[in-house]
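Working notes, beginning with the structure itself.
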Amino acid sequence: MITALGFTLMFAIVILILMRRITPLVAFVTLPVIACLMAGFGLGEIGKFITEGLKTVAPTATLFIFAILYFGIMRDCGLFDPLVRFLLKSTKGRPLSVAIVTVAVTSVTHLDGIGAATFLLVIPALLPLYLRLGMSRQMLLCLVVLSAGVMNMVPWGGTTARASAVTGIDASQLWISLIPIQAVGLVLVMSLAVFLGLRAQRSFAANGGAAIDSAPADAPQVDTSQMLPTSNWRYWANLALTAGILVCLFTGAFPLFACFMVGLGIALLLNYPSLDDQNKALRAHATDAMQMALVMLAAGILLGVLAGAGMSDGMAHWMINILPEGSANWIHVIIGAFGVPLGMLFSPDAYYFALLPVIRDVAVAAGVDPAAVANAMLIGENTGFGVSPVVPSVYLAIGLAGVELYKHIRYTVLWAWGISLIMLAAAVLLGVVTV
């Protein structure tokens, strides 16, 4: 009965989220409790399940809140702006250079792990240049979302934070193991940029250098009023503070969530001396920070119930029993290989909080390292997040570029899937994903 309730619970969560009947927060908070009551557990037992589940996700939720607030302030203060401007100036009006710079600019901008912010900064900045050179909007979107997808595995990003919450493995530990795979992904995206850039360069020359499009009149404008020039000492103080946090990340000298907590306090004092300005800065980014943190904390209830009530173990053993002998060792690789199409069907919350726990338990029961499971599923889903119709920031991206969703998917999805498969193969060969 527990196993059947577990599958029913997960199926109900996925269907209701996909049909947009309820929010992930409501699904994760209410449905697991109902399932436990149906299984005959008392309120005291359910409370213990929830408490244990919240313990697993609390550090990750804390990391996400403070990292989003920190990087939001750094972005407002223009921390990455000088590098972005330098890259833009280096194109000199050549389509090939523009394509390469698109990948470089997006990769740098997406260090904060926020898709919406990356799209808002990069697409309005580059779209006029693309149109001036007769380069297609779909090409811009393709390179931006693929670059962001590869970079999206940073530990303060939503996907890695979700995987960390589910597996109990520190987000920075997951990311460090994925850095070589990110490097492979960036090489692949850069190679695609060269291919598309050369094609656009030939087309531009054939058209006699005439532009073929125009920018949308209603493109949102980015607020630059708070950006610091490099002549301001506070810019260099922000850079040193961020470098210090990254050093702590790589050395493990201080817990990552604590780094961002302390870093945020210093950043507020450094950039906003008055209390009103500090509160205004926090309010400006609080929505982004709290939305995902609330979902993560709610997912703690789901994870606690799945583990405490024995649903995860029951579902895992049932799946192992029906799989051909030896295939359980490869289930995470198989799911990872289909990460791009699955990501177009499952929202990130459903993918990581509903699908990953089941795949993790099946693979771990077969002797697979849980980190390998998380890595395999991260590679596929991240690479294709920018073509998923269930990811809200995708609609911001297509709106900024003035491209219809089906045209964007048709242009980009096969490139995204191909790159994800090569990255996954590289992860298996390099031992990042084991079986």
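- Side-chain atoms of Thr167 do not come within 3.5 Å of backbone N or O of Pro370 as any donor-acceptor pair.
- Remark: Leu424 CG to Met377 CE distance equals 11.5 Å, nearest 0.5 Å.
- Annotation: side chain of Leu306 is in contact with side chain of Leu9 (closest heavy-atom distance under 4.5 Å).
- Around atom CZ of Phe338, no more than 12 heavy atoms belonging to other residues, nucleotides or ligands sit under 6.0 Å away.
- With a 4.5 Å cut-off on side-chain heavy atoms, Ile65 and Met261 do not count as touching.
- Closest non-hydrogen pair, Ala193 versus Leu96, comes out as O-CD1, 4.4 Å.
- Nearest heavy-atom pair across Thr159 and Tyr352 is CB-OH, 3.6 Å.
- At a threshold of 4.5 Å between non-hydrogen side-chain atoms, the residues Ser164 and Leu174 count as touching.
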Legend entry - Working for side chain to side chain contact (heavy atoms under 4.5 Å, CB included), residues Gln138 and Thr412: CA-CA 8 Å; Gln138 290 95 320; Thr412 305; 6.0 Å; no

Legend entry - Worked check of side chain to side chain contact (heavy atoms under 4.5 Å, CB included) between Phe71 and Leu79: CA-CA 9 Å; Phe71 278 114; Leu79 180 64; 5.9 Å; no

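- Residues Trp417 and Pro341 are in side-chain contact: their nearest non-hydrogen atoms beyond the backbone lie under 4.5 Å apart.
- Scanning for ring pair (Phe, Tyr, Trp, His ring centres under 6.0 Å) contacts around Tyr351 gives an empty result, with sequence neighbours left out.
- Residues meeting the ring pair (Phe, Tyr, Trp, His ring centres under 6.0 Å) test with Phe66, sequence neighbours left out: none.
- How far OH of Tyr235 is from CE of Met227: 10.5 Å, rounded to the nearest 0.5 Å.
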Inset, instruction - Dump the intermediate steps for side chain to side chain contact (heavy atoms under 4.5 Å, CB included) on Val435 and His332, then the final yes or no. - result: CA-CA 8 Å; Val435 295; His332 58 301; 4.0 Å; yes

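- Remark: Arg75 pairs with Asp112 by the salt bridge (Lys or Arg N to Asp or Glu O under 4.0 Å) rule, at least two apart or across chains.
- Cys36 approaches Phe49 most closely through the heavy-atom pair SG-CD1, 4.0 Å.
- The two residues Leu69 and Leu282 have their closest heavy-atom pair at CD2-O, 3.9 Å.
- The main-chain N or O of Val187 is found under 3.5 Å from a side-chain atom of Ser191 such that the two form a donor-acceptor pair.
- Rounded to the nearest 0.5 Å, atoms CD1 (Ile13) and CG (Leu302) are 4.5 Å apart.
- Side chains of Arg137 and Leu141 form no contact here, defined as non-hydrogen atoms less than 4.5 Å apart.
- In plain terms, the two heavy atoms of Leu430 and Pro180 that are nearest each other are CD1-CB, 4.4 Å.
- Among residues two or more places apart in sequence or in another chain, the salt bridge (Lys or Arg N to Asp or Glu O under 4.0 Å) test is passed with Lys48 by none.
- Leu297 has its side chain within reach of Val57: a pair of non-hydrogen atoms, C-beta onward, lies under 4.5 Å apart.
- Taking the six-membered ring for Trp and the full ring otherwise, the centers of Tyr70 and Trp156 sit at least 6.0 Å from each other.
- By the ring pair (Phe, Tyr, Trp, His ring centres under 6.0 Å) test, Phe28 is found to be paired with Phe353, residues two or more places apart in sequence or in another chain being considered.
- Here Ile176 contributes atom CD1 and Gln182 contributes atom CD; the two are 11.0 Å apart, rounded to the nearest 0.5 Å.
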Inset, instruction - Could you please spell out the steps behind the side chain to side chain contact (heavy atoms under 4.5 Å, CB included) verdict for Tyr411 and Val403? - result: CA-CA 11 Å; Tyr411 188 97; Val403 177; over 6 Å; no

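- Side-chain atoms of His408 come within 3.5 Å of backbone N or O of Gly386 as a donor-acceptor pair.
- No side-chain heavy atom of Thr118 sits less than 4.5 Å from a side-chain heavy atom of Met151.
- Judged by distance alone, the side chain of Thr160 and the main-chain N or O of Met153 form a donor-acceptor pair under 3.5 Å.
- For Ser107 (side chain) and Val103 (main-chain N/O), a donor-acceptor pair under 3.5 Å exists by modelled atom type.
- With hydrogens and angles ignored, the 3.5 Å screen pairs no side-chain donor or acceptor of Glu381 with any backbone N or O of Gly339.
- Side-chain contact between Asn238 and Leu270: present, with at least one pair of heavy atoms (C-beta onward) separated by less than 4.5 Å.
- Applying the side chain to side chain donor-acceptor pair (under 3.5 Å) test to residues at least two apart or on different chains, none of the pairs has a partner in residues 419-435.
- Here the CD1 atom belonging to Ile331 is positioned 10.5 Å from the CG atom belonging to Asp361, to the nearest 0.5 angstrom.
- A pairwise comparison of heavy atoms in Val340 and Ala416 identifies CG2-O, 4.0 Å as the closest pair.
- Note that CG of Leu303 and CD1 of Ile50 are 12.0 Å apart. Values are rounded to the nearest 0.5 Å.
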